[in-house]
Amino acid sequence: MPELPEVETYVRELEPELRGRTITGAAVTWPRTIAAPHADAFPAMATGQCFARFHRRGKYMLLGMESGDTLIVHLRMTGKLQVKPGDAEADRHTHVRFGLDDGRQLHFHDTRKFGRIWLVADTQPVLAKLGPEPFADEFSVAELGKRLAGRRAAVKGLLLDQSIVAGVGNIYADEALFLAQIAPQRPGGDLNEAELRAVRDSVRQVLGRAIELRGSSLGDSALQNYLRPGGEQGGFQLEHNVFRRTGEPCPVCGTPIRRIVIAQRSTHYCPHCQK
DNA sequence: ATAAGGCCCTGACCGC
DNA sequence: TGCGGTCAGGGCCTTA
C-alpha cells in the first residue's frame, strides 16, 4: 500500500517524465475518483494545463501546474499513476486517462477504487488536517509528546492518524515501532520522553531507508498494491523486520513475530523485544 | 475531544 | 469445479 516512501518515489520519478508536458484531453470512467471539481467539469479544467514542479505532503502527490493549479493525487490502497504509450489500452481498472502533448498518456489505475484526484487552485482545504511532515523540524519530540498527551488509544493506531504525523501507514507504523522497541498496544499517552524520541527517530529512520529503496512492494499477485511509475518494484520489503512476517523469528531475538489487530488494522510485532 | 465502528471496493482465499 | 462467505485496508463519516 502506498505510504510516504512510495508517494515520494512517485513524485521523484514522475516529475522528469511529465514536467513541461501539456494535457491534451482527459476522460473519466469512474466519476467517484474525482473529488474536485465535479467529475463532469474535470476534463475541461485539466485540458490545456502544463505540468510544472511536483511535491508531496503526507501521502498526497501534488502535481503543480504552470497555471498555479495543483493536481492532487491520493493512491490510497491500490492506485497507480503511470505514463503509457499513446496506443496503450485502458483496462477495466483504469478510471482516469489523460492525453499528453508528446503523444503518450497518463493513466490512473486503481483496482479498489479508493484513490482520489483533485484539481484545485488552493490545496489548503484538502491538506488542512495533516500533521507535521516526518522529516520537518516541526516533528519534534516535544511536539509528538504534545499530540500524544492524554491519549489512551494504542500508539500504533495513533501513528496511523494523519493529523498526528503525516505519511505513516500500516507497514511503516509496524516497522518503526519494532525499531523503537515499543509494543504497539501501549497507550500513546503513556510513552516517556525517551520512548517518544525512539518513536520519532525510528519513524524517520524507517521512512528514510524505504525512500532510498523506492518503497515496499508486497507480492500480492494481481493485487500487487505498489509498483513504481515505470512498473518496477520497490526494494524495502526485503528489509521488513515484522510486517507480514507472522510466525517467523524476530531478527533480533528469534521469538516468533505475533500478529494482532489494532484499530482494525493488522499489526505485527515482536512480543519479546517490544515493551 | 476522543474512540470505536461502518463504509467504500475488489480479488484472493477458504471451506464445503 | 463452483460457490458463497470473509478479509484487507486509508480516510472519512457517524455514533457514543
Side-chain angles (χ1 to χ4, degrees), chain A residues 1-8 10 28-36 39 56-62 72-81 90-96 108-118 120 123-131 134 144-176 184-191 203 207 210 215-227 237 240 242-247 259-268:
Chain A
M1 52 228 82
E3 305 179 24
L4 186 151
E6 291 75 22
V7 176
E8 181 68 24
Y10 260 78
V28 177
T29 46
W30 184 260
R32 295 188 66 158
T33 298
I34 307 298
R56 178 194 57 71
R57 177 81 173 94
K59 303 178 197 172
Y60 292 81
M61 264 185 265
L62 308 176
I72 307 178
V73 180
H74 198 303
L75 301 172
R76 291 279 183 92
M77 294 296 300
T78 53
K80 295 176 184 67
L81 195 59
D91 73 20
R92 59 184 301 227
H93 300 303
T94 299
H95 309 309
V96 184
F108 182 74
H109 180 282
D110 186 13
T111 310
R112 288 281 194 275
K113 296 181 172 172
F114 286 176
R116 292 292 180 266
I117 296 175
W118 298 252
V120 292
T123 61
Q124 204 277 334
V126 180
L127 308 177
K129 291 175 183 167
L130 292 177
L144 181 61
K146 192 156 54 172
R147 289 171 188 266
L148 296 187
R151 302 292 297 261
R152 302 311 301 160
V155 63
K156 157 69 187 274
L158 295 172
L159 285 178
L160 300 178
D161 182 340
Q162 301 300 294
S163 72
I164 290 175
V165 57
V168 176
N170 210 34
I171 297 173
Y172 299 106
D174 281 4
E175 293 297 325
Q185 58 274 63
R186 289 271 304 281
D190 284 359
L191 301 195
V203 165
L207 294 177
S216 298
S217 294
L218 297 167
D220 280 346
S221 60
L223 267 185
Q224 179 81 54
N225 37 28
Y226 165 73
L227 293 174
Q237 67 280 1
H240 289 176
V242 291
F243 192 76
R244 293 201 186 162
R245 294 194 181 280
T246 309
R259 176 185 182 277
I260 58 176
V261 174
I262 292 177
Q264 287 90 244
R265 298 288 179 267
S266 326
T267 298
H268 313 76

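Just so we're on the same page: letters track the sequence lines, and every chain starts at 1. Atoms considered below: every heavy atom in the structure, side chains included; atoms not considered: hydrogens, waters and symmetry mates.
Between A:N170 atom CG and C:dG11 atom P the separation is 11 Å, expressed in whole Å. Here C:dG9 presents its C1' atom at 15 Å from CD1 of A:I262, a figure rounded to the nearest Å. Look at OH on A:Y226: it is 16 Å from P on C:dG10, rounded to the nearest Å.
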Can you give me the N/O atom pairs linking the protein to nucleotides 5-9 of chain B at distances under 3.5 Å, or say none if there are none?
unit_1 : atom_1 : unit_2 : atom_2 : d
B:dC9  : OP1    : A:R32  : NE     : 3.1
B:dC9  : OP1    : A:R32  : NH1    : 2.9

Sub-3.5 Å pairs of nitrogen or oxygen atoms, protein against nucleotides 5-7 of chain C:
none

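Considering only side-chain N and O atoms, A:H74 lies under 4.0 angstrom from the phosphate OP1 or OP2 of C:dG11. In terms of phosphate contacts, A:K129 brings no side-chain nitrogen or oxygen within less than 4.0 Å of OP1 or OP2 of C:dG11. OP1 or OP2 of C:dG9 sits under 4.0 Å from a side-chain N or O of A:S266.
Put simply, the side chain of A:D91 gets close to the backbone of A:T94: a donor and an acceptor are under 3.5 Å apart. In this structure, the side chain of A:E8 does not engage the main chain of A:R56 through any donor-acceptor pair within 3.5 Å. Judged by distance alone, the side chain of A:R147 and the main-chain N or O of A:S163 form a donor-acceptor pair under 3.5 Å. In terms of modelled atom types and a separation under 3.5 Å, the side chain of A:E3 and the main chain of A:I171 share a donor-acceptor contact.
DNA chain C lies under 4.0 Å from at least one heavy atom of each of the following residues of residues 150-166 of chain A: A:Q162.
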Exercise for the section: Represent DNA chain B in dot-bracket notation, 5' to 3'. Only Watson-Crick or G-U wobble pairs with both distances under 3.5 Å count; pseudoknot-style crossings use [ ] and interstrand partners use |. Expected result: .|||||||||||||||
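Side-chain contact between A:L144 and A:V203: absent, with no pair of heavy atoms (C-beta onward) separated by less than 4.5 Å. Within the 4.5 Å cutoff, side-chain heavy atoms of A:L130 are placed close to those of A:R57.
In terms of heavy atoms, A:L158 sits closest to A:G188 at CD1-CA, 3.7 Å. Of all heavy-atom pairs between A:P184 and A:A154, the closest is O-CB, 3.4 Å. Shortest non-hydrogen contact noted between A:V96 and A:T29 is N-OG1, 4.5 Å.
Listed by first and then second residue, the salt bridge (charged side-chain N to carboxylate O under 4.0 Å, His left out) pairs that reach into residues 154-170 of chain A are A:K156-A:D174, sequence neighbours excluded.
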Practice task
Starting from the C-alpha separation in whole Å, work towards a yes-or-no answer on side-chain contact (heavy atoms from CB on, under 4.5 Å) for A:R152 and A:D190.
Solution key: CA-CA 8 Å; A:R152 302 311 301 160; A:D190 284 359; 2.8 Å; yes
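For A:Q237, the side chain to side chain contact (heavy atoms under 4.5 Å, CB included) criterion is met by A:S216, A:S217, A:L218, A:Q233, A:H240, not counting sequence neighbours.
Aromatic pair A:F108/A:H95: ring centres not closer than 6.0 Å.
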